[in-house]
Amino acid sequence: MSLSNPSQLVLRSELMFSGRRVLLVGAPADRLAAELPADHVALWHWEQGHHRHALQQGWHSHFGVAPPADTFDAVLVFMPKAKARLQAVLAVLPAVLGAGAAVYLVGEKREGVDSAGKYLQALGDGARKIDRARHCVLWELRPKAGLAAQAMTPRCQTMSVAGLPLSVCSMPGVFSEGRLDEGTALLLQHLPELADGPVLDFACGSGVIGAYILKRQPHLVLTALDCDAFALAATEATLSENSQQAAVLASDGLEALQGQRFASIVTNPPFHDGMRTDMSMSDGFIRGMSRHLQAGGELWLVANRFLPYAEALQASFKTVRVAAETGKFVVYHALKGA
């Protein structure tokens, strides 16, 4: 299990954590928690795969949009890809800071960590860079005393979604925060009424796809799934705002479904992992369709035109057609064989 570049940079200053109670926030799935010479190490994750990895190692890991109910001498935040999430995470940290605690921020320069000291100012003055190597930077800050934690709450707004009014909620760092993205809009404009039977909203994000389906067909049984705790919180809020109900599951890929089969799956799947394009999650999702679609079931999927979904779909489905397309996006409709 190799160490990420940010984790390697942290270990250059490992003595700062010696004998302390340390919280790692948004840490990668590496062995840093085992390498730190701390008295106690806990992890706060919002990515289900990283949380699962930590539990498999026997570490103390907490999954959700709020930190664990505990106090720490040092908090080490790994730079998230969304600056809005960094701000939200820093705003809740006073809830876990013990007297004299220090806050550290580490990440790669390409993620914007080199100029991220301005975000630390919300906790106090005096943020300083204490190390840099491997294209990464490590910041340190001693927060001012008496700070109040700010709870993260969804922001909801009413918008027109394919001609229907919906209240859509967002959380920091969730895809298409505060707006309806172009790809999802195209998908829902061309989505017909679905066949009776259970429906899966895969990579549910803000929950807009599932809420739209239930708005049109309230009798359908919906499952919404995502790997990100902030997305799940946004989806739950969106469903609640529209007086709808669904099973909302945290899952790394499709693992949480445990053999469930659906009449329909509707998705705008992710293709980014941090700063990189990553097709592995979506490719695996397509290859696993037969396990989670009923015979004759259908998949509705929207993707950027440059992504090579067509070949993967044709290898796994009886029929595949392009239901709609623009210069940027393609909506695929695929049917599983009997």
Side-chain angles (χ1 to χ4, degrees), residues 3-28 30-47 50 54 59-62 64-109 111-152 172-173:
L3 284 167
S4 68
N5 285 339
S7 292
Q8 291 181 52
L9 178 61
V10 169
L11 287 178
R12 285 163 49 116
S13 303
E14 63 178 11
L15 292 181
M16 294 189 307
F17 302 98
S18 179
R20 305 173 79 182
R21 292 176 53 80
V22 180
L23 177 65
L24 305 182
V25 180
D30 62 17
R31 66 175 191 273
L32 178 63
E35 296 281 340
L36 283 177
D39 182 60
H40 173 76
V41 176
L43 300 101
W44 170 24
H45 285 299
W46 46 78
E47 206 286 323
H50 292 176
W59 301 333
H60 299 277
S61 183
H62 173 78
V65 299
D70 205 343
T71 56
F72 300 89
D73 305 314
V75 178
L76 172 62
V77 180
F78 284 78
M79 186 77 182
K81 61 183 179 181
K83 304 301 189 300
R85 183 162 299 182
L86 173 62
Q87 291 176 283
V89 166
L90 293 175
V92 302
L93 286 188
V96 301
L97 296 177
V103 173
Y104 302 91
L105 175 65
V106 67
E108 298 189 38
K109 290 182 179 180
E111 297 170 331
V113 72
D114 210 12
S115 60
K118 59 187 176 184
Y119 299 107
L120 290 170
Q121 291 175 2
L123 298 177
D125 299 325
R128 63 191 185 99
K129 298 175 184 177
I130 59 173
D131 201 1
R132 60 174 68 234
R134 296 181 175 273
H135 307 289
C136 299
V137 175
L138 176 63
W139 289 86
E140 181 186 48
L141 174 71
R142 298 285 173 169
K144 58 187 176 184
L147 290 173
Q150 301 177 28
M152 279 184 266

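Small disclaimer: the values here were computed from a predicted structure and weren't measured. The basis for the numbers below is simple: all heavy atoms, side chains too, and nothing from hydrogens, waters or symmetry mates.
- Val89 places none of its side-chain heavy atoms less than 4.5 Å from the side chain of Pro80.
- Ring-plane geometry between His40 and Phe72 is classed as parallel, the angle between the planes falling under 30 degrees on a 0 to 90 degree scale with a further cut at 60.
- Taken to the nearest 0.5 Å, the CG atom of Leu43 stands 9.5 Å off from the NE2 atom of His60.
- Note: Lys144 NZ to Gln121 CD = 10.5 Å, rounded to the nearest 0.5 Å.
- Listed here is the closest heavy atom pair of Gly173 and Ala84: N-CB, 4.4 Å.
- Minimum interatomic distance between Gly100 and Arg142 (heavy atoms only, all atoms of both residues): O-NH1, 3.2 Å.
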Could you go through the side-chain contact (heavy atoms from CB on, under 4.5 Å) check for Leu76 and Leu138 one step at a time? CA-CA 10 Å; Leu76 172 62; Leu138 176 63; 4.2 Å; yes

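- The heavy-atom pair separating Phe78 from Ala27 by the smallest distance is CD1-CA, 3.6 Å.
- Between Asp114 and Lys129 there is a salt bridge, since a side-chain N of the basic residue sits under 4.0 Å from a carboxylate O of the acidic one.
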Please report the C-alpha distance between Trp44 and Val96 in whole Å, then the side-chain angles of each, then the deciding distance to 0.1 Å, and finally whether the side-chain contact (heavy atoms from CB on, under 4.5 Å) criterion is met. CA-CA 11 Å; Trp44 170 24; Val96 301; over 6 Å; no

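- Taken to the nearest 0.5 Å, the CE atom of Met16 stands 9.5 Å off from the CG atom of Leu36.
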| Candidate pair Ile130 and Tyr104, rule side-chain contact (heavy atoms from CB on, under 4.5 Å), full reasoning | CA-CA 10 Å; Ile130 59 173; Tyr104 302 91; 4.1 Å; yes

- Task: Give the C-alpha distance, both sets of side-chain angles, the deciding distance and a yes or no for side-chain contact (heavy atoms from CB on, under 4.5 Å) between Asn5 and His135.
- Result: CA-CA 8 Å; Asn5 285 339; His135 307 289; 5.7 Å; no

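- Looking at Trp46, its side chain never comes within 3.5 Å of a backbone N or O of Val25 through a donor-acceptor pair.
- Without hydrogens or angle criteria, Arg85 side chain to Pro172 main chain gives a donor-acceptor distance under 3.5 Å.
- Rounding to the nearest 0.5 Å places CG of Leu11 at 11.0 Å from CG of Asp131.
- Of all heavy-atom pairs between Val113 and Trp139, the closest is O-NE1, 2.8 Å.
- The distance from atom CZ of Arg12 to atom CZ of Arg132, rounded to the nearest 0.5 Å, is 11.0 Å.
- Considering all non-hydrogen atoms of both residues, Asp30 and Trp59 come closest at O-CH2, 3.3 Å.
- Panel note: side chain Gln8, backbone Leu3; a donor-acceptor pair is recorded below 3.5 Å.
- Residue-environment remark: CD (Gln150) stays at or below the threshold of 12 foreign heavy atoms within 6.0 Å.
- Note that the CG atom of Asp70 and the CG atom of Leu23 stand 8.5 Å from one another [nearest 0.5 Å].
- Here the shortest heavy-atom pairing between Pro28 and Ser4 reads CG-OG, 3.4 Å.
- Side-chain contact check for Leu105 versus Leu90: every heavy-atom pair is 4.5 Å or farther apart.
- Put simply, the side chain of Asp39 never gets that close to the backbone of Arg21: no donor and acceptor are under 3.5 Å apart.
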